[in-house]
Amino acid sequence: MAGHKRGPQMAGQGPRQRLVELGKDILIVILTCSAIYLAGLTPMMTQLRSWMTPPVPSAQVQPRQARDTVIPCGVAVRNGLGLYGVSYDEASVERAFSLLSPLLGQALTTAGEVESITPRQWQQLLEGEGIYCQFQGSPPLEALSAWLGEGSSLTGSVQAVALGWDGSAAWLGWQDGDASYRARTQVSYSEHMSAVLDEFRPNGAAFVYTLRESDETYDVLDPYVLVAMESQRPMTYAAVSPDFIGDSGAMDTLLGAMGFRSGVGSAYEAAGERAINENGDRLRVNAAGRVVFHTGEENRYPVNAAGESATSVEAALAAWEILDRAAAPWKGEEVFIVTGAEKTELGWRVSFQSRLHGIPVYTGKEGWCAQFTIEGRKITDFTLDLRSYTSTGETCLVTSERLAAAALRSQAAGGQKLKLCYTDNGTPTVAAVWMAEE
């Protein structure tokens, strides 16, 4: 009888065979992971990943905040190696100020009793280890303190501020017109200040009063003008104004931004202007981008103030919010800088200038692009000159500070503050030039 055929029997695996099989398994895992990784680098997988993963907002596009209106136009840092200085360069100034502003904010917050100082004492602040910031115009000191620190009792305006270490204490100093002041702070040199200062390396910058010692060409300039050793190559810009007379869409956009509901249909024209009267509030515009407002009985633009009248900080913040809102539809590459908060009988007069990539813009005869009047707790009047600036891709021919100073020697008295700025008189393009003011 034929028996049932049995299949071949498998021999049991020995230790060596099991080790070989384990090695194969590990190799398979490695090859699989490699394939997955390489597939992840392909355009198809990248596209698939973008469909599955929500986009992350770009860190490069951040809306401007009120504190950006007090970013200086020039910064200097002195440490044990020497002096670093930069001006008229938006990226470099903002990068430096981002490191320095916490230190400056702490100094403003902890500043003690204020005392007047002599020009020589001011220079000593600049000659010791510390920081120096030069501002565009004369912003309120209270705004610096509120937006960079936690507020303080310091008052007045400021054209430049310094924080210097004298070996035993850190002193906050500032210039207000022709006067200079200082106050002792609680900033710790060993715990914080020295580490911040060590982030900078000397780059050949100098203050005018030190250059005078070897070159009389600089005698005509204000002693505290910061001179950089690198030549300036600013861009030229095309400038355009919204036409509120010939462009009804621009007018509608402005009315929406300003909160006027009457619309273009209720406007009337006179003397080359278009005007709207809504509940007593009057808005006048022209074809060159000018916007003039005067309040009636309504409180259309209130100021968020705790007391009966606004502080300079509250006035500046409310004014900036209106300016930013009005300019948003046409804004090009400019930023707005608060350049003054003048005390009036009933409140404040706040002024702004534009800045193009670190260089101030001098608009019209007065220099400001926007001015606001605040009385009590509301904005009663403002004038805006709205312009949009776009780079042409070409650079301006600008001489060095030394050559500009030499040109001034034959026609100006001493103490001139030499400034690089764009002059905008309503022309289609603007270019940077050296200007001097007493």
Side-chain angles (χ1 to χ4, degrees), residues 58 60-64 68-69 71 73-74 87-94 136-137 230-258 272-274 284-292 320 322-339 351-371 382-400 404 418-435:
S58 172
Q60 300 296 323
V61 182
Q62 295 292 337
R64 289 281 177 175
D68 294 325
T69 66
I71 291 178
C73 57
S87 56
Y88 308 121
D89 183 330
E90 181 180 56
S92 297
V93 170
E94 292 192 6
Q136 184 175 335
E230 296 182 0
S231 60
Q232 304 291 340
R233 296 297 302 271
M235 302 295 295
T236 60
Y237 290 86
V240 178
S241 301
D243 180 0
F244 297 122
I245 302 298
D247 186 348
S248 61
M251 184 64 172
D252 286 337
T253 300
L254 176 69
L255 293 178
M258 294 288 91
E273 293 184 333
R274 175 171 289 169
R284 294 184 292 112
V285 299
N286 67 13
R290 171 157 283 201
V291 180
V292 179
W320 174 78
I322 295 298
L323 174 59
D324 189 61
R325 185 200 311 175
W330 301 281
K331 194 175 180 183
E333 299 182 32
E334 69 272 26
V335 297
F336 297 118
I337 304 296
V338 59
T339 53
S351 302
F352 293 83
Q353 286 183 354
S354 298
R355 186 184 292 173
L356 287 170
H357 291 279
I359 300 178
V361 179
Y362 197 92
T363 305
K365 295 181 180 180
E366 302 296 330
W368 48 261
C369 65
Q371 192 172 82
F382 61 74
T383 299
L384 316 177
D385 285 315
L386 302 181
R387 297 277 272 169
S388 178
Y389 301 96
T390 305
S391 173
T392 64
E394 301 178 352
T395 58
C396 310
L397 295 176
V398 178
T399 64
S400 67
L418 190 65
K419 297 181 178 180
L420 183 65
C421 65
Y422 291 97
T423 55
D424 186 357
N425 296 313
T427 55
T429 59
V430 295
V433 296
W434 288 109
M435 289 186 64

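Computed from heavy atoms alone, side chains included, the values below leave out hydrogens, waters and symmetry copies. The chain is numbered in sequence order, starting from 1.
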Check Y237, W434, Y362 against Y422 for a ring pair (Phe, Tyr, Trp, His ring centres under 6.0 Å) and give me the one that passes. Y237
Looking at R274 and V285, would you say the former's side chain and the latter's main chain have a donor-acceptor pair under 3.5 Å? no
Residue pair M251 / L255, side-chain heavy-atom distance below 4.5 Å: yes
Suppose we screen for ring pair (Phe, Tyr, Trp, His ring centres under 6.0 Å). Which residues come up paired with Y389, at least two apart in sequence or across chains? none
Are W330 and T253 packed together at the side-chain level, in the sense that at least one heavy-atom pair is separated by less than 4.5 angstrom? yes
Kindly state each residue pair satisfying salt bridge (charged side-chain N to carboxylate O under 4.0 Å, His left out) with at least one member in residues 425-434, sequence neighbours excluded. none
Just to verify, what does E334 make a side chain to side chain donor-acceptor pair (under 3.5 Å) with, not counting sequence neighbours? none
From S351 OG over to I337 CD1, what is the distance, rounded to the nearest 0.5 angstrom? 13.5 Å
P360 meets the side-chain contact (heavy atoms from CB on, under 4.5 Å) criterion, sequence neighbours left out, with Y88, Q136, Q353, C421
Contacts of type ring pair (Phe, Tyr, Trp, His ring centres under 6.0 Å), residue F382, not counting sequence neighbours: F293, Y301, F372
At their closest point, which heavy atom of A250 faces which heavy atom of D243, and how far apart are they? CB-O, 4.0 Å
Any chance you could measure S87, atom OG, to K419, atom NZ, to the nearest 0.5 Å? 12.0 Å
Salt bridge (Lys or Arg N to Asp or Glu O under 4.0 Å) against E273, all qualifying residues, sequence neighbours excluded: R284
Quick one: does V335's side chain get under 4.5 Å of D68's, heavy atoms only? no
Nearest 0.5 Å please: distance from the OG atom of S354 over to the CD1 atom of I359. 13.0 Å
Which residue pairs satisfy the salt bridge (charged side-chain N to carboxylate O under 4.0 Å, His left out) criterion with at least one member in residues 382-391, sequence neighbours excluded? R290-D385, R387-D424
T429: what forms a side chain to side chain donor-acceptor pair (under 3.5 Å) with it, not counting sequence neighbours? none
How close do L323 and F352 get, counting heavy atoms only, and between which atoms? CD2-CG, 3.8 Å
Gap separating the CE atom of M235 from the CG atom of L356, nearest 0.5 angstrom: 11.0 Å
With T236 via side chain to side chain donor-acceptor pair (under 3.5 Å) - residues at least two apart: T392
So K331 and L386, do their side chains get closer than 4.5 Å, heavy atoms only? no
side-chain contact (heavy atoms from CB on, under 4.5 Å) with A288: which residues, sequence neighbours excluded? N286
Minimum heavy-atom separation for G289 to S241, with atom names? N-CB, 4.0 Å
Can you name the side chain to side chain donor-acceptor pair (under 3.5 Å) partners of E366, sequence neighbours left out? none
Nearest 0.5 Å, please: how far is SG in C369 from CZ in R355? 12.0 Å
Taken in chain and number order and not counting sequence neighbours, the residues that satisfy side-chain contact (heavy atoms from CB on, under 4.5 Å) with S400 are R402, L403
Over all atoms of both residues, closest heavy-atom pair of L384 and A326: CD1-CB, 3.6 Å
Mind checking whether L420 and V398 have side chains closer than 4.5 Å, heavy atoms only? yes
